[in-house]
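These numbers come from a predicted model, not from an experiment.
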Amino acid sequence: MNEHQILGYIPKQTVIHSFNATAKLFFVLAVSFACMTTYDTRFLLVVGICSTFIFKLADLKWNQISFVIKFVCFFSALNILAVFVFQPTYGQELYGAKQVLISAGYFTLTSQELFYLANVALKYFCTIPLTLGFILTTNPSAFAASLSKLKVSYKVSYAVSLALRYIPDIQADYFAISQAQQARGFEMSKKGKFFNRVKGALQIVLPLVFSSLERIETISTAMELRRFGAKKKRTWYVAEPFRTRDYLLVVSGLVLFIISLILFKINGGRFYNPFK
């Protein structure tokens, strides 16, 4: 299953795995908010490099994350292209200058627009490795406990935990059905034609949906029989105490967020303008 992993917790003995789930969640949220609110290229570059380094420390294999990375990169590129197509002059309006790189009528590309699009791409580069690293290195039960510590309802926390646990199960069912289809002579590997593979995937969706609904009903019944939700609070078996490095991680997230606010004041707004 690990060879076909799309998205789910991957247990390993690394520094990133050993951090407290609450500390990791706080760090990811703080840095993500900081990156979303600022367009300071210098800040985004530093955070992007740090995010990539942190992701590297998680020791994740390419075949375990390749599908997600390709999927995210495709839609990120699509979004950046859409931004340029719908408003190619936004960069020059934003930075108050115009340096034409490619003249093509409505789709004229300026240095300012290219700089703005590069900042948008940097935002993805900062947040995606952090988010993926958190999801893939955090036990779902520990994640639920971390949400509960952040004063999120334990019902919501448990629902998130079940969803994260359920994703690998859906993947396992999908690959099992896919292997069964191939055993019957229906080619769904990379050797097959693209449209045949799409058709085969669509044929898998229907039985997968029905099996998923059946599993959801079973889990819901089991939770009702155990009187889940009868009390306002609950304890968590996997709750972990904070250690020194966890506090340092939380402080690091706060520092980065505060730096983004300071840059907001220095730049006179969200945008760093090198064209002044």
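Cluster membership check: Leu25 shares its hydrophobic cluster with Met36, using side-chain heavy-atom separations under 4.5 Å among Ile, Leu, Val, Met, Phe, Trp and Tyr. The same ILVMFWY cluster, assembled from side-chain heavy atoms under 4.5 Å apart, contains both Val85 and Leu101. Hydrophobic clustering keeps Phe55 apart from Ile49 (ILVMFWY residues linked when any side-chain heavy atoms are closer than 4.5 Å, directly or through intermediates). Hydrophobic clustering (side-chain heavy atoms under 4.5 Å, transitive across Ile, Leu, Val, Met, Phe, Trp, Tyr) keeps Val255 apart from Leu248.
In terms of heavy-atom proximity, Ser103 sits nearest to Val100 at N-CG1, 3.9 Å. Closest approach of His17 and Leu136 over heavy atoms only: NE2-O, 4.0 Å. Residues Ala58 and Thr137 approach most closely at CB-CG2, 3.7 Å, considering heavy atoms. Nearest heavy atom pair, residue Phe107 against residue Phe84, reads O-CZ, 3.5 Å. In terms of heavy atoms, Ser111 sits closest to Phe275 at O-CZ, 4.0 Å.
A 4.5 Å side-chain heavy-atom check between Leu45 and Leu122 finds at least one atom pair inside the cut-off. For the pair Ser76/Ile128, a side-chain contact is recorded, criterion being any heavy-atom separation below 4.5 Å from C-beta on. In this structure the side chain of Val120 reaches within 4.5 angstrom of the side chain of Tyr39, judged on heavy atoms. Between Phe125 and Ser51, every side-chain heavy-atom pair lies at or beyond the 4.5 Å cut-off. Counting heavy atoms from C-beta outward, Phe27 and Phe134 have side chains that stay 4.5 Å or more apart. Counting heavy atoms from C-beta on, the side chains of Leu130 and Ile54 come closer than 4.5 Å. With contacts defined as side-chain heavy-atom distances shorter than 4.5 Å, the pair Ser18/Gln13 does not qualify. Using a 4.5 Å heavy-atom threshold, the side chains of Val31 and Phe257 count as separate.
Residue pairs meeting the salt bridge (Lys or Arg N to Asp or Glu O under 4.0 Å) criterion with at least one member in residues 35-45, sequence neighbours excluded: Asp40-Arg42. Screening residues 246-262 for salt bridge (Lys or Arg N to Asp or Glu O under 4.0 Å) gives Arg243-Asp246 as the qualifying pairs, with residues at least two apart or on separate chains. For residues 91-114, no residue pair satisfies the salt bridge (Lys or Arg N to Asp or Glu O under 4.0 Å) rule, not counting sequence neighbours. The stretch residues 114-129 participates, sequence neighbours left out, in these side chain to side chain donor-acceptor pair (under 3.5 Å) pairs: Thr41-Asn119, Asn79-Tyr124, Tyr95-Asn119.
In this structure, the separation between CZ on Phe33 and CG on Leu261 is 12.0 Å, given to the nearest 0.5 Å. For the atom pair Thr38 OG1 and Ile259 CD1, the distance stands at 11.0 Å (nearest 0.5 Å). Note that CD of Gln99 and CG of Leu114 are 11.0 Å apart. Values are rounded to the nearest 0.5 Å. Distance check: Cys126 SG to Phe43 CZ gives 7.5 Å after rounding to the nearest 0.5 Å. To the nearest 0.5 angstrom, Phe75 atom CZ is 13.0 Å from Leu81 atom CG. Interatomic distance, CG of Leu57 versus CD1 of Ile16, reported as 5.0 Å (0.5 Å rounding).
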* To do: Could you walk me through whether Ile262 and Lys265 pass side-chain contact (heavy atoms from CB on, under 4.5 Å), step by step?
  => CA-CA 5 Å; Ile262 294 172; Lys265 185 176 181 180; 5.7 Å; no

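Residues Thr138 and Lys24 have side chains that bring a donor and an acceptor to within less than 3.5 angstrom of each other.
Enclosure of atom CD1 in Ile102 is not indicated, since only 12 or fewer non-hydrogen atoms of other residues, nucleotides or ligands lie within 6.0 angstrom.
The other residues sharing a hydrophobic cluster with Leu254 are Phe26, Phe242, Tyr247, Val250, where clustering joins ILVMFWY side chains under 4.5 Å apart.
Under the rule for a ring pair (Phe, Tyr, Trp, His ring centres under 6.0 Å), Phe264 has no partner lying at least two apart in sequence or in another chain.
With hydrogens and angles disregarded, no donor-acceptor distance shorter than 3.5 Å links the side chain of Arg245 to the backbone of Val15.
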